[in-house]
Amino acid sequence: MPKAYKQVWKSITGVPAGDLSTKRYHFVKYDANGKIVAAAAGEAAIGVLEEPNKADQPAQVVAQGFMFVVLGGTVAAGAPVMSDAAGKAVAATGATAPAINHVLGVMHVGGVAGDIGTILLK
């Protein structure tokens with residue numbers, strides 16, 4: 001199996017609403033106050049947390065490019081992915097409105113639950 005890697009990417013700095021120190025390589029989103037939190041199942045995300053931090057401490061979020069991501073299930077290379085309830089990458093499913101599952105990228109190096117894969121963020 002190929003090994004996961006990351007390449008040049010574009011990032012933003014966000015401020016966590018709570019302790020995200022254990023959420024490195026998880027999908028994150030903005031909350032209603034403009035702070036970052038872990039994305040839930042099927043939600044739109046701003047990117048993958050690269051530099052985790054505690055509440056109100058700056059944290060780096062990768063928004064574009066090839067990036068590591070923690071897998072929440074088996075995901076094959078080439079599969080579109082979405083967030084699970086914990087902000088991990090899982091194979092996208094085709095839910096319809098009002099519960100639309102947002103495709104956050106395409107898996108480049110897949111694996112099984114708990115692995116770190118490589119995603120091309122959309």
Subject >> Point-to-point distance, once rounded to the nearest 0.5 Å, from CG of L20 to NZ of K54 >> reply: 11.5 Å
Subject >> Pairs involving residues 61-81, ordered by first then second residue, that meet salt bridge (Lys or Arg N to Asp or Glu O under 4.0 Å) (sequence neighbours left out) >> reply: none
**OP:** Return the minimal non-hydrogen interatomic distance between A39 and A45, and the atom names on each side.
**Re:** CB-CB, 4.2 Å
Original post:
Any idea which heavy atoms bring A44 and H102 closest together, and the distance?
Top reply: N-CD2, 3.3 Å
Subject >> Euclidean distance, L121 CG relative to F66 CZ, rounded to 0.5 Å >> reply: 9.5 Å
Subject >> Co-membership, hydrophobic cluster, residues L104 and L49, 4.5 Å side-chain >> reply: no
Subject >> From CG (L71) to CG (D115), nearest 0.5 Å >> reply: 6.0 Å
**OP:** Could you pull out the closest heavy-atom pair between F68 and I116, with the gap in Å?
**Re:** CB-CG2, 3.6 Å
Original post:
Once you round to the nearest 0.5 Å, how far does OG1 of T118 lie from OH of Y25?
Top reply: 10.0 Å
**OP:** Sequence neighbours left out, what passes side-chain hydrogen bond (donor to acceptor under 3.5 Å, both in side chains) with D19? Give chain and number order.
**Re:** S21
**OP:** Search all heavy atoms of Q64 against all heavy atoms of W9 and return the closest pair with its distance.
**Re:** O-CB, 2.8 Å
**OP:** Determine the minimum heavy-atom distance between Y30 and I12, stating which atoms define it.
**Re:** OH-CD1, 3.5 Å
Original post:
Got a sec, which residues hit side-chain contact (heavy atoms from CB on, under 4.5 Å) with V103, two or more places apart in sequence or on another chain?
Top reply: P80, A92, K122
**OP:** Of all the heavy-atom pairs spanning V70 and R24, show the shortest one and how long it is.
**Re:** CG2-O, 3.8 Å
Original post:
Measuring from I36:CD1 to T13:OG1, what's the distance to the nearest 0.5 Å?
Top reply: 9.0 Å
Got a list of side-chain donor-acceptor pairs under 3.5 Å for residues 56-63, not counting sequence neighbours?
residue: D56; atom: OD1; partner: K35; partner atom: NZ; Å: 2.4
residue: Q60; atom: NE2; partner: S11; partner atom: OG; Å: 2.9

**OP:** May I have all residue pairs that pass salt bridge (Lys or Arg N to Asp or Glu O under 4.0 Å) and include part of residues 100-113, sequence neighbours excluded?
**Re:** none
Original post:
Roughly how far, to the nearest 0.5 Å, is CG of L120 from CE of M67?
Top reply: 13.0 Å
Original post:
Are V81 and V48 joined in one hydrophobic group, where the rule is that I, L, V, M, F, W and Y side chains link up if heavy atoms are under 4.5 Å apart?
Top reply: yes
Original post:
Is M82 isolated, or which residues cluster with it under the ILVMFWY side-chain rule of less than 4.5 Å, directly or via members?
Top reply: V90
Original post:
If you look only at pairs with a residue in residues 76-87, which of them pass as a side-chain hydrogen bond (donor to acceptor under 3.5 Å, both in side chains), with sequence neighbours excluded?
Top reply: none
**OP:** Check side-chain contact (heavy atoms from CB on, under 4.5 Å) between V37 and all other residues, then give those that pass, not counting sequence neighbours.
**Re:** A17, K29, D31
